[in-house]
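The next block holds one structure in the form of structure tokens; read it before the comments.
FYI, side chains are in, hydrogens and waters are out, and symmetry mates aren't considered; it's all heavy atoms of this structure.
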Amino acid sequence: MPDGHPLGSLATGVNFAHKPVCKQLWPFQEALVYRQIKIRTYEQLVKIKVALVGDVGEGDERLGRLVRALVLDTYEFPSGLGPGVDGDQEGPGMSDFVAYFLAQLLGALGNLLSLKILLCNDFFPPRDLPVDAALLDVIVQDRATPVKLPHLQSLCVWTAGESVDAGVAQEAVDVASWFRQFSQFMDLVTLEMHFDTRQPPSFIQDNSQIRPVLAKLSRLELWIDSEQWLEPLRDVTPRLVDLKIASTSSSRRHFLLGLPSDLLRLDISTDGNDLEPIDDLLPSLFRLEYVRLEDAYYSTTRLPTSLGALRHLEILDFGFNAEVSDALLLRLVDGPTRLKPLRHLRIDIAGALRGPTLLRKHLVLPGPSERDASGVWAGWTTPHWPAGLSEAGLARVVDVARTHGVEVGGWCIGVLFWRAAYERERDVVAVCRGVSTGDWTDARRFRGDEVVEAFLARRGREGRRSSLGHELELFGEPKGGVRERRGSI
């Protein structure tokens, strides 16, 4: 980047400060540098605003036209400007500054396609809310913003931190105006809203006559309380094909009944209890190609039949808290209820961690405080199998699914072979400890004295010609695993 450039490596994430660039190539490199801008501090916001807008309008408008994506993350924003800073004020004074700078910056980004605003307030004690609220208002309340961003296609508003969520919830009485604002972004295709207002927009309730239409919106992601959303969402997003909803309520039937029938992808989860089953509503969404289910809010006996009505379903995903069993999974991939169009089945139910291996530790043996009860590096956690799901049953499902051209993936696959991987690692460590230190205690404990003595006798005959891979073969390591290790050592 040329000397004296207003941004340097500050906001682009790419450091060209010490890389010489010829004049002929610089326009291409400059377009790459400015294509996506990330703002994480108040200082970055000020400097980028100065670079693209200037203090009195003398900024480089050409640079603003290069920006296609903007991410604003307030995690490191202060509550006040602090002593000695020009415009030294606290609380509301700070919010006035950040809102003004953001509004000015957006005015220079006429070609912006993607905008993400992350209101992160996880401080203890929490930062004052006016800073976050002021930035949010520029996006969801300022009527000039859609005019400044005529080509915006993707918008994400995300809150993180109890104080932010609480503040948003208190102002939720006017969330309907947010959607009226969103409807003014004429090219908006993707909308993500991550917060729990505990109160739906008024236009969703049956007492409202105002229903803004997001005409081009095809993908919607909501973290909301869906229980009070009484009117059809299809009236607001007629072209919606991809919906992800994380609801905080136990009732979602009214919400699902209002979805457009042309929906292709549905991802639904909840934090509520005493959930109402919704699987009987799935057949009405007959065009679905992808379904992800989270938590136990469907009838396991009825689910295969309900999913069987989806003639285009190619991907079925069970989330971490979904209720599945060996019998249910087998019914989905075999027999009269087999999902014939299914090509991918993902199961994230069971979970286990594989810790560091000896090879990844460069053959360094763990010390007494670094090892688990079997002698391997600490970090391996045993699989957790929920009721009704077993390793043998899942292995059968994988085999049967494969015969029908269905690929099974997800966390469950790693769990399926966890035991074999752990025992293989245990034996590797035991052999290496015996060879390195002469301590064969673990090897004798796991494989028995007879196997160890036979191993030592054969190793003695081969002497130094024996490689570690061959030593594992002598110890009884499966040949496939040995060949793999031998190529890595």
No-hydrogen, no-angle side-chain donor-acceptor test under 3.5 Å, Arg68 and Gln36: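 No, Gln36 and Arg68 have no side-chain donor paired with an acceptor closer than 3.5 Å.
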Residues Ser390 and Asp326: side-chain donor-acceptor under 3.5 angstrom: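 Yes, Asp326 and Ser390 have a side-chain donor paired with an acceptor closer than 3.5 Å.
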I need the minimum non-hydrogen distance between [X] and [Y], along with the two atoms involved.
X      : Y      : result
Glu314 : Leu342 : O-CD1, 3.5 Å
Ser261 : Ser284 : CB-O, 4.2 Å
Gly409 : Cys412 : O-SG, 3.7 Å
Pro283 : Ser306 : CG-O, 3.8 Å
Val213 : Pro238 : CG1-CD, 3.9 Å
Thr145 : Val138 : OG1-O, 2.6 Å

Any side-chain heavy atom of [X] within less than 4.5 Å of one from [Y]?
X      : Y      : answer
Val33  : Leu66  : no
Glu391 : Leu416 : yes
Tyr290 : Asp242 : no
Leu105 : Ile39  : yes
Leu256 : Leu259 : yes
Phe182 : Leu217 : no
Phe417 : Arg354 : yes
Leu149 : Leu155 : no

Crowding at [atom1], [X] (>12 non-hydrogen neighbours, <6.0 Å):
X      : atom1 : result
Arg239 : CZ    : no
Arg360 : CZ    : no
Lys148 : NZ    : yes

Taking the side chain from [X] and the backbone from [Y], do they hold a donor-acceptor pair closer than 3.5 Å?
X      : Y      : answer
Glu294 : Phe320 : yes
Tyr298 : Glu323 : yes
Thr337 : Pro304 : no

Leu115 and its side-chain contact (heavy atoms from CB on, under 4.5 Å) partner, picked from Val157, Ile139, Leu72: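 Answer to the side-chain contact (heavy atoms from CB on, under 4.5 Å) test with Leu115 among Val157, Ile139, Leu72: Ile139.
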Leu293, Leu285, Leu310 screened by side-chain contact (heavy atoms from CB on, under 4.5 Å) with Leu266, the one that passes: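 Going through Leu293, Leu285, Leu310 one by one, the side-chain contact (heavy atoms from CB on, under 4.5 Å) with Leu266 is satisfied by Leu285 alone.
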Verdict with reasoning, Asp142 to Asp137, per side chain to side chain contact (heavy atoms under 4.5 Å, CB included): CA-CA 6 Å; Asp142 188 345; Asp137 283 348; over 6 Å; no
Could you list the donor-acceptor pairs under 3.5 angstrom formed by side chains in residues 392-406, with sequence neighbours left out?
{"from": "Asp399", "atom 1": "OD1", "to": "Arg402", "atom 2": "NH1", "distance (Å)": "3.3"}
{"from": "Thr403", "atom 1": "OG1", "to": "Val400", "atom 2": "O", "distance (Å)": "2.5"}
{"from": "His404", "atom 1": "NE2", "to": "Asp334", "atom 2": "OD1", "distance (Å)": "3.4"}

From [atom1] ([X]) to [atom2] ([Y]), nearest 0.5 Å:
X      : Y      : atom1 : atom2 : answer
Asp73  : Lys38  : CG    : NZ    : 10.0 Å
Leu52  : Leu106 : CG    : CG    : 11.0 Å
Lys340 : Leu313 : NZ    : CG    : 14.5 Å
Ile268 : Leu222 : CD1   : CG    : 11.0 Å
Leu109 : Arg65  : CG    : CZ    : 11.5 Å
Tyr34  : Arg62  : OH    : CZ    : 8.0 Å

Set of ring-ring contact (aromatic ring centres under 6.0 Å, His included) partners for Tyr422, sequence neighbours left out: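 Once residues adjacent in sequence are excluded, the partners of Tyr422 under the ring-ring contact (aromatic ring centres under 6.0 Å, His included) criterion are Trp380, Trp418.
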Candidate pair Leu191 and Phe185, rule side chain to side chain contact (heavy atoms under 4.5 Å, CB included), full reasoning: CA-CA 11 Å; Leu191 175 61; Phe185 292 102; over 6 Å; no
Steps toward side chain to side chain contact (heavy atoms under 4.5 Å, CB included) verdict (Val98, Thr74): CA-CA 10 Å; Val98 296; Thr74 68; over 6 Å; no
Just jot down the side-chain contact (heavy atoms from CB on, under 4.5 Å) partners of [X], sequence neighbours excluded, or say none.
X      : value
Val241 : Ser218, Leu264
Arg311 : none
His312 : Glu289

Lys216 vs Asp187, salt bridge (Lys or Arg N to Asp or Glu O under 4.0 Å): CA-CA, chis, key distance, verdict: CA-CA 6 Å; Lys216 292 185 178 181; Asp187 289 339; 2.9 Å; yes
Leu113/His151 under side chain to side chain contact (heavy atoms under 4.5 Å, CB included): CA gap, chis, key distance, verdict: CA-CA 6 Å; Leu113 301 178; His151 304 296; 4.2 Å; yes
Only pairs under 3.5 Å count here: list side-chain donor-acceptor contacts from residues 344-353, not counting sequence neighbours, and write none if there are none.
{"from": "His344", "atom 1": "ND1", "to": "Glu407", "atom 2": "OE1", "distance (Å)": "3.3"}
{"from": "Arg346", "atom 1": "NE", "to": "Asp348", "atom 2": "OD1", "distance (Å)": "3.4"}
{"from": "Arg346", "atom 1": "NE", "to": "Asp348", "atom 2": "OD2", "distance (Å)": "3.0"}
{"from": "Arg346", "atom 1": "NH2", "to": "Asp348", "atom 2": "OD1", "distance (Å)": "3.4"}
{"from": "Asp348", "atom 1": "OD1", "to": "Trp411", "atom 2": "N", "distance (Å)": "2.9"}

